[in-house]
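A, B, ... follow the sequence lines: proteins, then strands. Residue 1 opens every chain. Heavy-atom basis, side chains included; hydrogens, waters and symmetry copies ignored.
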Protein chains: 2
Amino acid sequence: MVAGGDKRTRLVQAADDLVYRNGYASATLADIAGAAGVPVGNVYYYFRTKESLASAVIATRGRVYAARRDDWDRTLQPRDRVLGFIAMSVDARRDLALSGCPIGSLCSELQKPGSPLGAEAGQLFCEWLDWLGAQFEALGHSRRDAGAQSLHLLSRLQGATLLARALRSVDVLVDEAARASAWIESL
Amino acid sequence: MVAGGDKRTRLVQAADDLVYRNGYASATLADIAGAAGVPVGNVYYYFRTKESLASAVIATRGRVYAARRDDWDRTLQPRDRVLGFIAMSVDARRDLALSGCPIGSLCSELQKPGSPLGAEAGQLFCEWLDWLGAQFEALGHSRRDAGAQSLHLLSRLQGATLLARALRSVDVLVDEAARASAWIESL
DNA sequence: GTCTATAGGCAGATAGAC
DNA sequence: GTCTATCTGCCTATAGAC
């Protein structure tokens, strides 16, 4: 049960949580409204459809990640920013092994030809890739190289997260993150 | 429409195809039965529940992969077996970028605490990891190292597949597979 | 054994009272 | 504006005719 804030905000928070833990399809509006302390039918006063609520969830996640990147940009050097990105997966290892990546799982579920939600979720990956690319460029790589390194790093972390969940093993993720960190430190 | 074979087999084939392309939840029994040319209600003569049909699909995929590994074991050397594994992703790049990995997507969707289907799907990953580990051992790595290398290789390919789908770009997968192949050849 | 018809339940969405 | 009650549709599953 999400308390405080206006109802629209509470609905988005509750949806964010339930969609992450149960997946989009399994997160029913009844559950979401219940968790937000809002009557079921009233959801439609704030959101036209379930999809538009999901869209708000995706936008919220995007803002949270953007804030984190901005914070790192202000306080860390490029190499430590990338290491911080990897450490983020390690810190969240429990949730990641249980429910997957908040972006990756969503993309996997919503990606259907012509689905706007799938494209919106994919955009979150693009923003991380752009930011990672900038860090690798700052570390002296060409733009082309930086793009490839970013894709490689994100790929291995996404894959490790997926495997950690599939095999129900936190270690799978922690080990691969350690290898990725060692690689970054060797650059 | 799947033709030929007994009805049970046709149902599994149709389910395999539709679950892969649409996901488990979206693949309705009506669609599956329709594609198999079997009356809807009749599905329950062959399978107790939708879950047991999914279980048969997972078992079928497992047998297909096992046959492929056996074939490579008979015809290729360890290094070429691993390269063949990577090439499998490149060959299937279109489908992978469109619908994801037949194992990974399933694990992502079905992995819920206490779900038997999630564990069955995860088992398919275990079988590939065991086989990959044997190849790395044959290439001279310790058992411990071989396990880590296997997880790393599978992680990056799974992640690249996920990203290729999310970004709707075949290149993401092809590029990462090329880097992985170069790594194997350098061992 | 094979299939038709339908039950039962739950989801998203709406209409209209307050 | 806020909420209650309900509607429609779809999906899994079953009961029972042939």
Between A:T28 and B:V40, who's closer to the 5' end of DNA chain C by nearest nucleotide?
B:V40
Residues 32-47 of chain B, side-chain donor-acceptor partners within the protein, below 3.5 Å, at least two apart:
none

For atom CG of A:N42 and atom C1' of C:dC18, their distance in whole Å
13 Å
Rounded off to whole Å, could you give me the CZ-to-C1' distance for the A:R8 and D:dG1 pair?
15 Å
Rounded to the Å, how far apart are A:D31 CG and C:dC10 C1'?
11 Å
Report yes or no: is the cationic atom of A:R69 (NZ for Lys, CZ for Arg) closer than 6.0 Å to the six-membered ring centre of A:W128, at no more than 45° off its axis?
yes
Let me know, please, whether A:G41 or B:Y46 comes out on the 5' side of the other along DNA chain C by nearest nucleotide.
B:Y46
Below the 4.0 Å mark, does C:dG1 have OP1 or OP2 next to a side-chain nitrogen or oxygen of B:K7?
no
Step-by-step side chain to side chain contact (heavy atoms under 4.5 Å, CB included) determination, B:R156 to A:L157:
CA-CA 8 Å; B:R156 56 196 288 184; A:L157 287 177; over 6 Å; no
Between the side chains of B:E109 and A:S108, does any donor sit under 3.5 Å from an acceptor?
no
Among C:dA13, D:dT4, C:dT4, the nucleotide that comes nearest once only the side chain of A:P39 is considered
D:dT4
Output the rounded distance in Å from CG (B:L18) to P (D:dT12).
12 Å
Using distance alone, with no hydrogens and no angle criterion, decide if A:Q111 and B:R168 have a side-chain donor and acceptor under 3.5 Å apart.
yes
Decide whether B:D73 and B:W131 meet the rule of one side-chain donor and one side-chain acceptor closer than 3.5 Å.
yes
B:K50 has an atom NZ; how far is it from atom P of D:dT14, in whole Å?
15 Å
At what angle, to 10 degrees, do the two end axes of the helix from C:dG1-D:dC18 to C:dC18-D:dG1 meet, given five pairs define each axis?
10°
Contact class for A:F47 vs. all strands (heavy atom < 4.0 Å): base, sugar-phosphate, or nothing?
nothing
Here the distance between atom P of C:dA15 and atom OH of A:Y45, to the nearest Å, is 17 Å
With a 4.0 Å cutoff (strictly under), does any side-chain N or O of B:Y44 reach OP1 or OP2 of D:dA13?
yes
Nucleotide C:dC10, atom P - distance to CG of A:N22 in whole Å
16 Å
What is the distance from CZ of B:R10 to C1' of C:dC3, rounded to the nearest Å?
14 Å
Is it the case that B:K50 and B:T28 place a side-chain donor and acceptor less than 3.5 Å from each other?
no
